[in-house]
Number of protein chains: 4
Amino acid sequence: MLSFDQLTLDGAQPIYVQIIRYIKQGIAAGTIANGEELPSRRAVSALLGVNPNTVQKAYRMLEEEGLIQSHSGAKSRIVVSEEVQTKVRGQLLRSDAETLVAAMKQMGVTKEETLSLLEILWKDGDTQ
Amino acid sequence: MLSFDQLTLDGAQPIYVQIIRYIKQGIAAGTIANGEELPSRRAVSALLGVNPNTVQKAYRMLEEEGLIQSHSGAKSRIVVSEEVQTKVRGQLLRSDAETLVAAMKQMGVTKEETLSLLEILWKDGDTQ
Amino acid sequence: MLSFDQLTLDGAQPIYVQIIRYIKQGIAAGTIANGEELPSRRAVSALLGVNPNTVQKAYRMLEEEGLIQSHSGAKSRIVVSEEVQTKVRGQLLRSDAETLVAAMKQMGVTKEETLSLLEILWKDGDTQ
Amino acid sequence: MLSFDQLTLDGAQPIYVQIIRYIKQGIAAGTIANGEELPSRRAVSALLGVNPNTVQKAYRMLEEEGLIQSHSGAKSRIVVSEEVQTKVRGQLLRSDAETLVAAMKQMGVTKEETLSLLEILWKDGDTQ
DNA sequence: GTGGTCTAGACCACA
DNA sequence: GTGGTCTAGACCACA
């Protein structure tokens, strides 16, 4: 079952947004696969130390996007075809990279500087 | 005078945070230089379609950080030494790049894929 | 918990300044001690008949000075070491006394007259 | 004619309030006597570096209190009988001293401490 | 026109 | 219920 161990909340964005993003990234990575069970709202709430309503909001929005199916009395499950996974992954990749490119350009950083900065940072956190 | 044409609000973060970030990026880029005038709270409010108080909050926080000086009845101005510019630029660069690296790693994207994605995106928006 | 019963607003200064001053005086007096709870923004707003945002502004500025700590969903609390209390007290004492001395001198009142005036007034309100 | 040399604005109160107070203190001190001419709004505005409207507001309020008489085309003049002077002086004295006593009491300062603090401060600024 | 303060009140995240 | 953000808009001090 999906765990939220890798999710560290940062306060810069609403928590429900961070939960949604975490699950989408897992789908994109393939670590969260079709049919996988999600922990209950209560469990996630306890693990992250946040309010159950906040988790509920994230789950509800994922369900509205069709990425989760909930049945009362049963665990919620991930519902993703291969196409959906590819689409989610493509959206996240592209949007993250575009955000960085836009920021770097606005700050007058060249492509070469950006690429070498990423090379350096990639190594730094290698063990993680 | 500084324009806010390039700023598009995204709803993922508080508006005043986005305004602060936009101005800091401009400082980092050097396109917003020491002594430059800022448009009035009202003008920014109208341009972005947000409340004047929201702009006021962003400007006030920038003033508390020492990046802006305001005087009643006169336009507010940017106040940045070279050292400050370098510091602001370094903070933004590093934090943006780290964010991307973390996201890509979690999605199981390799360094090489990330770098080539950025190469491609960089060209796409080249004329901008 | 801290009450605002003794605070009467006078219109000569911004309301948020008066709220800040009231709390600082309490800290100086030691009647507002480290860890003490502050009433909520809404409660103060209702008690003083001012807008919640005005109270919020005062609380936020006290938090920026490090005299208050706020956490969403929980009461705000006073955070003052002994050193801080002493410093706040010293600043208020000196500035208040200097204000009176300057006013009395400009009005041509002698030191002796001032001192006896204070003696008399001190007794008048003794029971308070 | 009345000069505003001794008035230094402090930003803690509205400027028009400080102007009113300055004139009332002069009346209380007897340095501003019945029939004395007041400098024009424009002159005061230039001397203090403030907006003419601000001076106008102060003069208008003093006129409403009956302490000034204005005639178009002629200089404004102070209008104070001895009784009025005594009353103004009494009000200022009492209100200033009461303000200090209240502040000191709220801060838990004893009468003796207050009196000696004033003694010390009175000497410090003696030459002024 | 510009900055600063304030009102009245909504909505979200959180305990 | 508590803190934080935001809207819509008024009024004052100032250039």
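A, B, ... follow the sequence lines: proteins, then strands. Residue 1 opens every chain. Reckoned from all heavy atoms, side chains included, excluding hydrogens, waters and symmetry mates.
Looking at heavy atoms from C-beta onward, Leu48(B) lies in side-chain contact with Ile19(B) at the 4.5 angstrom threshold. Side chains of Ser45(C) and Thr54(C) form no contact here, defined as non-hydrogen atoms less than 4.5 Å apart.
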Give the table of side-chain donor-acceptor pairs shorter than 3.5 Å for residues 66-73 of chain C, with sequence neighbours excluded, one pair per line with atom names and distance.
| unit_1 | atom_1 | unit_2 | atom_2 | d |
| --- | --- | --- | --- | --- |
| Ser70(C) | OG | Arg41(C) | NH2 | 3.3 |
| Ser70(C) | OG | Glu63(C) | OE1 | 3.3 |
| Ser70(C) | OG | Ser76(C) | OG | 3.0 |

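Ala103(D) and Arg21(C) get closest at one heavy-atom pair: CB-NH2, 4.0 Å.
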Nucleic acid footprint by protein, nucleotides 5-11 of chain F - heavy-atom cut-off 4.0 Å, B for base, S for sugar-phosphate alone: BBBBB-B
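By the neighbour-count criterion of 12 heavy atoms within 6.0 Å, atom CZ of Arg60(D) is densely surrounded, having more than that number from other residues, nucleotides or ligands.
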I'd like to know whether Asp96(B) forms a side chain to side chain contact (heavy atoms under 4.5 Å, CB included) with Met104(A), so could you lay out the CA-CA distance, the side-chain angles of the two residues, the decisive distance to 0.1 Å, and finally the verdict. CA-CA 9 Å; Asp96(B) 286 354; Met104(A) 292 297 159; 4.1 Å; yes
Could you give me the CA-CA distance, side-chain angles and deciding distance for Tyr59(B) and Ile20(B), then say whether side chain to side chain contact (heavy atoms under 4.5 Å, CB included) is met? CA-CA 8 Å; Tyr59(B) 275 31; Ile20(B) 290 172; over 6 Å; no
State the dot-bracket string of DNA chain F. Criteria: Watson-Crick or G-U wobble, both atom distances under 3.5 angstrom; notation: ( ) intrastrand, [ ] crossing earlier pairs, | interstrand, . unpaired. ||||||||||||||.
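The phosphate of dG3(E) has OP1 or OP2 within less than 4.0 Å of a side-chain N or O from Ser76(B). When the side-chain nitrogen and oxygen atoms of Ser40(C) are compared with OP1 and OP2 of dT2(F), one or more of them lie within a distance under 4.0 Å. Remark: Arg41(B) is in phosphate contact with dG4(E), judged by side-chain N or O atoms under 4.0 Å from OP1 or OP2.
Position along DNA chain E of the nearest nucleotide to His71(B) versus Ala74(C) favours His71(B) as the more 5'-ward residue.
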